[in-house]
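Presented below is the structure to which this report refers.
We count ligands from 1, going down the list as the structure has it; atoms in each ligand are counted the same way.
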Amino acid sequence: MTGKTGTVSLIGAGPGDPKLITVGGREALEKSDVVVYDRLAHPKLLDHARADAERVYVGKQADRHAMKQEAINALLAQKAQEGKAVARLKGGDPFVFGRGGEEAEYLRARGIPYRVIPGVTSAIAAPAYAGIPVTHRDLASSFAVITGHERDDRGEAGARAPGQAEGRRRWERIAHAADTLLFLMGVESLEEIVARLTENGRDPHTPVALVRWGTWAGRQETLTGTLGDIVPKVREAGFTAPAVTVVGEVVALRERLRWFDRGPLAGRRIVVTRAREQASEFAEELRARGAEPIEFPLIRLVPPPDGYAALDAAVTRVGSYDWVCFASAPAVAAFFDRLALAGKDARVLAGARVAAVGPATADALRTHGIRPDFQPRTQTGAALAEEMPGEVETVNILIPRASEGDERMVEKLAAKGAVVDAVPAYQNIMDGAGAEMIRERLAAGSIDVVTFTSSSTVRNFVAALAPPELGAGGELGAGGATLPTGVTIACIGPSTAQTAAKLLGRAPDIVAGEHTLPGLLAALERHFGG
Ligand code: SAH
């Protein structure tokens, strides 16, 4: 072992809703070199880690252990001994079941520094999102959190046959341990839990609720009954883990207090098709309404095909241009990145006039201390070329833009006699990454709505999902049932709707009245609100 030892942070990821991680937990994630995470930690939390941080999935599912506990312990120790900051992200609270204590003991025995960042446990949060407070002035003055498995570790039920779970547990004590009983890992052994509780004197009329995938937008499900009838109800509904089982009078409060699973969008699974940065805000709004946003970014920005050769050359002679016209915000970002790499700064633009194609591009320029001299009234390259002030003839113009940029701008300026140098600053590529997941979910019927916020999102969506033999831009409506009829199509406005109708082979179900994201959200709520 060389150098210093790293630290392991045992972080509570919270029960699911990615906002339910603590500030400390998020900071530890941001600083980590390695993230070791489970199935019950929301995947969205990984976005907090650095892009270059190593991500290791050690999730467990029923009897299939992705990685044995011993191997997880060894992995944590090994990474820390390599000097790395290790984030061990665990569902809920790390010290409420789930073997956080054992991981700490293992590290302690090897002299590896660790710290514990508590999390919001599902034991309390899942009932809360179902509208069930675990205590209440009139109904319950105590609660107990109990494992549905003896000495369990499995994270999920399923490994033990009913009857086997007795062992060390003292049911006569558990049955009266508190007014509210909260069982984790208790779906498979529910029959036994119910039998032992009633045998030991809990009233068969006691209300019971099972909350499955609590706090997970679009996934949370709640089933209620009594000790007397919950077992057949659970069996009938095919209700499976992970769930928290709540036993006690407080369950009755759900009737009045339910909130998360109540609105018109609750439980809807909604595809959001925008570039990732723009998608997140809309996704947040959906999640806050209990819907599951399925982010399908479609587009990813990568370096241009020439590896910046043309942009770098242009950067070295910026002083010779009369105008620099930025065609997009990413073009601004790439220009200034390359400028900095060349050891220069914004002063190279001192002698040139600067144009921005639209407000986002202008904002990007301002963050670099440049106030654009000109911005066209409508946000297109063609408008920029037409409206550019002053004499254009023989003027030298540099246009940093996407490698597949708008040719009309170049043609129009050239036609006016300008000497145009359009250089690729980045490339938009189709992000097929999510396509497989979307295809699977469409096939499984686990997508309710697909939203489109521009014609290009429709085109990219179709191209990303179309079988290759259709080619890019192939028409799904003509090619087959890629968007099943049960899937609601929602568009931000009429021109997007037109493209959708053409490429998807049927008219959209929802067209927003106000052509903005809040407008689209309102239209969705109206549609499903009935
Ligand atoms: N440390 C975790 C519990 C780990 S044990 C915590 O504090 O929440 C795993 C069990 O937790 C599951 O079998 C299930 O009973 C419960 N659980 C975890 N996340 C859940 C969720 N989102 N909804 C319902 N139950 C959950």
Side-chain angles (χ1 to χ4, degrees), residues 9-22 25 36-45 58-66 69 72 88-104 116-132 134 143-160 165 180-190 192-193 208-224 230 234 237 239-247 251 254 260-261 267 287 290 292:
S9 301
L10 297 171
I11 306 172
D17 181 339
K19 295 223 165 171
L20 296 182
I21 187 169
T22 65
V36 179
Y37 65 103
D38 283 352
R39 169 165 176 255
L40 293 176
H42 198 287
K44 184 118 189 100
L45 292 173
V58 294
K60 307 163 179 184
Q61 188 162 17
D63 295 333
R64 282 181 285 134
H65 285 216
Q69 188 60 45
I72 297 174
R88 171 64 173 119
L89 194 58
K90 298 177 78 70
D93 179 275
F95 277 7
V96 175
F97 305 123
R99 306 185 79 166
E102 285 169 61
E103 290 174 8
V116 183
I117 302 174
V120 174
T121 180
S122 65
I124 297 172
Y129 270 52
I132 303 171
V134 295
F143 65 85
V145 181
I146 304 150
T147 171
H149 279 301
E150 182 70 14
R151 195 188 157 78
D152 201 346
D153 46 46
R154 273 163 252 261
E156 295 289 316
R160 189 191 305 266
T180 304
L181 303 180
L182 304 162
F183 289 92
L184 269 53
M185 300 175 284
V187 181
E188 301 294 320
S189 51
L190 184 68
E192 193 198 341
I193 291 170
V208 179
L210 272 77
V211 187
R212 170 169 201 265
W213 287 113
T215 82
W216 287 70
R219 264 180 133 171
Q220 175 173 314
E221 281 176 75
T222 301
L223 194 68
T224 54
I230 196 73
V234 162
F239 211 83
T240 54
V244 173
T245 302
V246 190
V247 178
V251 167
R254 169 172 162 77
F260 181 65
D261 53 7
R287 198 174 283 117
E292 180 196 3

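Some N or O of V96 is nearer than 3.5 Å to an N or O of ligand 1, by distance alone. Considering both main-chain and side-chain atoms, G91 comes within under 3.5 Å of ligand 1 through a nitrogen or oxygen pair. Checked by distance only, ligand 1 and M185 come closer than 3.5 Å through their nitrogen or oxygen atoms. Residue R212 has no N or O atom closer than 3.5 Å to an N or O atom of ligand 1.
Between the T22 side chain and the G25 main chain, a donor and an acceptor come within less than 3.5 Å of each other. A side-chain donor-acceptor contact under 3.5 Å links W216 to the backbone of P15. Within the 3.5 Å criterion, the main-chain N or O of L40 finds no donor-acceptor partner in the side chain of D38. Of the possible polar contacts, one joining the Q220 side chain to the Y129 backbone as a donor-acceptor pair under 3.5 Å is found.
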Between V247 and I193, does the side chain to side chain contact (heavy atoms under 4.5 Å, CB included) criterion hold? Intermediate values first, please. CA-CA 10 Å; V247 178; I193 291 170; 5.7 Å; no
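Using 4.0 Å as the threshold, A241 has no heavy atom nearer than that to any atom of ligand 1. Residue V244 places a heavy atom under 4.0 Å from ligand 1.
Residue contact check: W216 has heavy atoms under 4.0 Å from atoms 22 (N) of ligand 1. When each atom of ligand 1 is checked for a heavy atom of P15 under 4.0 Å away, the hits are 21 (C), 22 (N). Atom numbering of ligand 1 starts at 1 in the shown order; those under 4.0 Å from a heavy atom of V211 are 24 (C).
Contacts between A243 and ligand 1, counted as non-hydrogen atom pairs separated by less than 4.0 Å, involve the backbone only. When heavy-atom distances to ligand 1 are checked against a 4.0 Å cut-off, W213 comes that close only through its backbone atoms N, CA, C and O. Contacts between L40 and ligand 1 below 4.0 angstrom, taking non-hydrogen atoms only, involve the side chain exclusively.
Atoms OG1 and CD1, from T180 and I132 in turn, are 9.5 Å apart once rounded to the nearest 0.5 Å. The CG atom of L20 sits 10.5 Å away from the NE2 atom of H42 when rounded to the nearest 0.5 Å.
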